[in-house]
Protein chains: 2
Amino acid sequence: MLIRLDSALPTPLFEQLASALRSAIIDGRVIGGERLPAARQLASSLGLNVHTVLRAYRLLRDEGLIELHRGRGAVVVVRIGGHAALAGAIHDLVDEAKLHDLPEGALLALVSAAYRSSPSSPSVLRTAPTRYS
Amino acid sequence: MLIRLDSALPTPLFEQLASALRSAIIDGRVIGGERLPAARQLASSLGLNVHTVLRAYRLLRDEGLIELHRGRGAVVVVRIGGHAALAGAIHDLVDEAKLHDLPEGALLALVSAAYRSSPSSPSVLRTAPTRYS
DNA sequence: CATATTGTGCTATTCGAACTGGAACAAGTT
DNA sequence: AACTTGTTCCAGTTCGAATAGCACAATATG
């Protein structure tokens, strides 16, 4: 597993790290049950602070992709059937978006909006209902 | 068009506004050639600063969804064939993600990573190549 | 049992970016 | 000419990321 991090990018380091690991898990390059390196070890390998690595690990744990145990480290969760369908759907969407010359940010925002369409709550209402055009 | 904004959310106001307009365009609820309300007018309607609205407009312009002209306002770009296929691909992906109980942030990060897989550049290399288990 | 390993929790600090806001300006419309 | 509308420059303030150190708890290992 090759991990490239760039502190100059706007994306936080812990997010870059989590993203690399996440993609590896979804793509099946890391098998369920496999153990990730210890946080302190990975931190010194990448020249990062332990907290940064642990934050990435905690993020992946909250997403249900890995498990964290004291003394045991981080272990990839075993998923039945894997994530092939998900990976395929992602690929299809990206292809379609590039056909439309849609930038990354716009695509992400659209996916985000669609994700929240179903169950989420708008919570606080800042403005009164408005109509235009 | 009903627009709900919430300054308490972590998402910036200009992004919330852009997101609402973007979804409306992609979903076809706003037709190509149609004119969006003037920035100052929309700002006072929503209780926002003009900059916030204009930043949302500028964002949509950079994404190729609208055009901005002084004295004329913001006009939705006319797209041949519309965005039906794109909207469908987004819907499919979100469904698949929810089947896997994948949180929104994780989904967005995966899409982002897939988007950059093809042409992007890793630029600066912060760490030496590393291997783990 | 004793020791080392590994994640958890807490507090604090520094740094930079991002968001919001005000005012003047430029280009187009009427 | 007057008005409308987006553009630009500048400033203030808030917020999060990253780092750091330390003590603690649970697990593994000998």
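Computed over heavy atoms, backbone and side chain alike; hydrogens, waters and symmetry mates excluded. Lettering of chains follows the sequences in order, A, B, ..., and the numbering in each one begins at 1.
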Separation of atom [atom1] in [X] from atom [atom2] in [N], rounded to whole Å:
X: A:His69; N: C:dT8; atom1: NE2; atom2: P; result: 10 Å
X: A:Leu48; N: D:dT19; atom1: CG; atom2: C1'; result: 11 Å
X: A:Arg70; N: C:dG7; atom1: CZ; atom2: C1'; result: 6 Å
X: B:Leu36; N: D:dG6; atom1: CG; atom2: C1'; result: 13 Å
X: A:Leu54; N: C:dT5; atom1: CG; atom2: P; result: 16 Å
X: B:Glu67; N: D:dT5; atom1: CD; atom2: P; result: 18 Å
X: A:Arg35; N: C:dG7; atom1: CZ; atom2: P; result: 7 Å
X: B:Gln41; N: D:dT5; atom1: CD; atom2: P; result: 7 Å

Does the side chain of [X] get closer than 4.0 angstrom to OP1 or OP2 of [N] through an N or O atom?
X: B:Arg72; N: C:dG28; value: no
X: A:Thr52; N: D:dA17; value: no
X: A:Asn49; N: D:dA18; value: no

Honestly curious: do B:Ile25 and B:Ile31 fall in one hydrophobic cluster under the side-chain, below-4.5 Å linking rule? no
If every non-hydrogen atom of B:Leu86 is compared with every non-hydrogen atom of A:Glu96, which pair is closest and at what distance? CA-CG, 3.7 Å
Exercise: identify the closest heavy-atom pair between B:Ala89 and A:Leu93: CB-CD1, 3.7 Å
Return the 5'-most residue of the pair A:Arg40, B:Leu68 with respect to DNA chain D, ranking by each residue's nearest nucleotide. B:Leu68
Does NE2 belonging to B:His91 count more than 12 external heavy atoms closer than 6.0 Å? no
Are more than 12 heavy atoms from other residues, nucleotides or ligands located less than 6.0 Å from atom NE2 of A:His69? yes
Produce a footprint string for nucleotides 9-19 of chain C: one letter per nucleotide, 5' end first; B if the base is under 4.0 Å from any protein heavy atom, S if only the sugar-phosphate is, - if neither. BB--------S
For salt bridge (Lys or Arg N to Asp or Glu O under 4.0 Å), just list the numbers for B:Glu67 and B:Arg61, CA-CA rounded to whole Å, side-chain angles, deciding distance to a tenth of an Å, and then say yes or no. CA-CA 6 Å; B:Glu67 285 179 356; B:Arg61 180 201 56 188; over 6 Å; no
Any chance you could measure A:Leu54, atom CG, to A:Leu59, atom CG, to the nearest 0.5 Å? 12.5 Å
